[in-house]
Amino acid sequence: SWTDEQIITAIREGRRPDGRMLGPFMPFGMYRGISDTDVRAIVAYLRQVPAVHHVVPRSVFEVPIPESYGPPVEHVADVPRDNTLAYGAYLAGPVGHCIECHTPWTDSGPDYANRLGAGGNQLPGPWGISVSANITPTGLRTRTDDDIKRIITTGVRPGGAPMLPPMGFAYYRHISDSDLDAIVAYLRSLPPK
């Protein structure tokens, strides 16, 4: 029963139609930067998913929920695909939020200013504890572009060792070669850490 605009507000701003805030597990800080075109494509996709009746209990959070995740998002322009670094940053940032998990966190969130892509976050789950890799040129120095693309799309490291969740390799299985090229170019452009 939500309008397209209400779904977009939930994705980008973490606000439900009744004004309540969604929990902080969705990367709202990143999703605020999804372009108008792409967020509308997400809504169109969600609208074609067959409806399922499922009663979900109200979420309970053991952390405080903010009054907002920032001011309302008015407009986000498309990132030109022919600007490889900017487009790669967009894919690794707002769209895929790779940079969020692969940047060390402080008490106030990811330390983008000082440690962008440096890795080291411990990500606990039913699989155990994953530690995010350094995806700056320092961490990728022994990886070829093909190695990086294979890791992103299959979750298998060179040598055959599987990656653990929450790495979203299953979602990137069908990513285009040009999008992978843009992500790799962006990662290689990061300041070494």
- [ ] Would you indicate whether the side-chain heavy atoms of Tyr31 and His97 approach each other to under 4.5 Å?
- [x] yes
- [ ] Indicate yes or no: at least one non-hydrogen side-chain atom of Trp2 is less than 4.5 angstrom from one of Leu46.
- [x] no
Task: Shared hydrophobic cluster, Val131 / Met167 (ILVMFWY, side-chain heavy atoms < 4.5 Å) - done: no
- [ ] Show which residues join Val76 in its hydrophobic cluster (side-chain heavy-atom contacts under 4.5 Å, direct or indirect), or state none.
- [x] Val73
Task: Side-chain heavy-atom pair Arg15, Ser68 within 4.5 angstrom cut-off - done: yes
- [ ] Could you tell me which non-hydrogen atom of Asn114 sits nearest to which non-hydrogen atom of Lys193, and how far apart they are?
- [x] O-NZ, 3.0 Å
Task: Shortest non-hydrogen contact from Gly96 toward Tyr172 - done: CA-OH, 3.1 Å
Task: Spatial distance of atom CD1 (Ile148) from atom OG1 (Thr153) [nearest 0.5 Å] - done: 11.5 Å
Task: Note: Arg20-Asp18 ion pair, threshold 4.0 Å (strictly below) - done: yes
Open item on the list: Given 3.5 Å as the limit, does a donor-acceptor pair link the side chain of Ser132 with the main chain of Cys101, or not?
Closed with: yes
TODO: Give the cluster check for Val79 versus Ile175: same hydrophobic cluster or not, with ILVMFWY residues linked at side-chain heavy-atom distances below 4.5 Å.
DONE: yes
Task: Spacing of CD belonging to Glu67 relative to CE belonging to Met21, to within rounding of 0.5 Å - done: 9.5 Å
Open item on the list: Is it the case that atom CD in Gln48 sees more than 12 heavy atoms from other parts of the structure closer than 6.0 Å?
Closed with: yes
Open item on the list: For the backbone of Phe28 and the side chain of Arg12, can you confirm whether one donor and one acceptor N or O come within less than 3.5 Å of each other?
Closed with: no
Task: Shortest non-hydrogen contact from Thr136 toward Ala118 - done: CG2-N, 4.0 Å
Open item on the list: Minimum heavy-atom separation for Leu22 and Ala10, please, with both atom names.
Closed with: CD1-O, 3.6 Å
TODO: Return yes when atom OH of Tyr171 has more than 12 non-hydrogen atoms of other residues, nucleotides or ligands closer than 6.0 Å, and no otherwise.
DONE: no
- [ ] Taking atom types as modelled, find out whether Thr37 and Ser35 have a side-chain donor-acceptor pair closer than 3.5 angstrom.
- [x] no
Open item on the list: Within the structure provided, determine whether Tyr90 and Ile34 are in side-chain contact (heavy-atom separation under 4.5 Å).
Closed with: yes
- [ ] Find the distance between CZ (Arg188) and CG (Leu85) and round it off to the nearest 0.5 Å.
- [x] 12.5 Å
Open item on the list: Would a single hydrophobic cluster contain both Ile151 and Leu123, if residues Ile, Leu, Val, Met, Phe, Trp and Tyr are joined by side-chain heavy-atom contacts under 4.5 Å?
Closed with: no
Task: Rounded distance [0.5 Å steps], OG1 in Thr154 versus CZ in Arg173 - done: 9.5 Å
TODO: Can you see which heavy atom on Ile135 is nearest to which on Leu140, and at what distance?
DONE: O-CD1, 3.3 Å
Open item on the list: Quick check for you: to the nearest 0.5 Å, what is the distance between Arg40 atom CZ and Asp4 atom CG?
Closed with: 6.5 Å
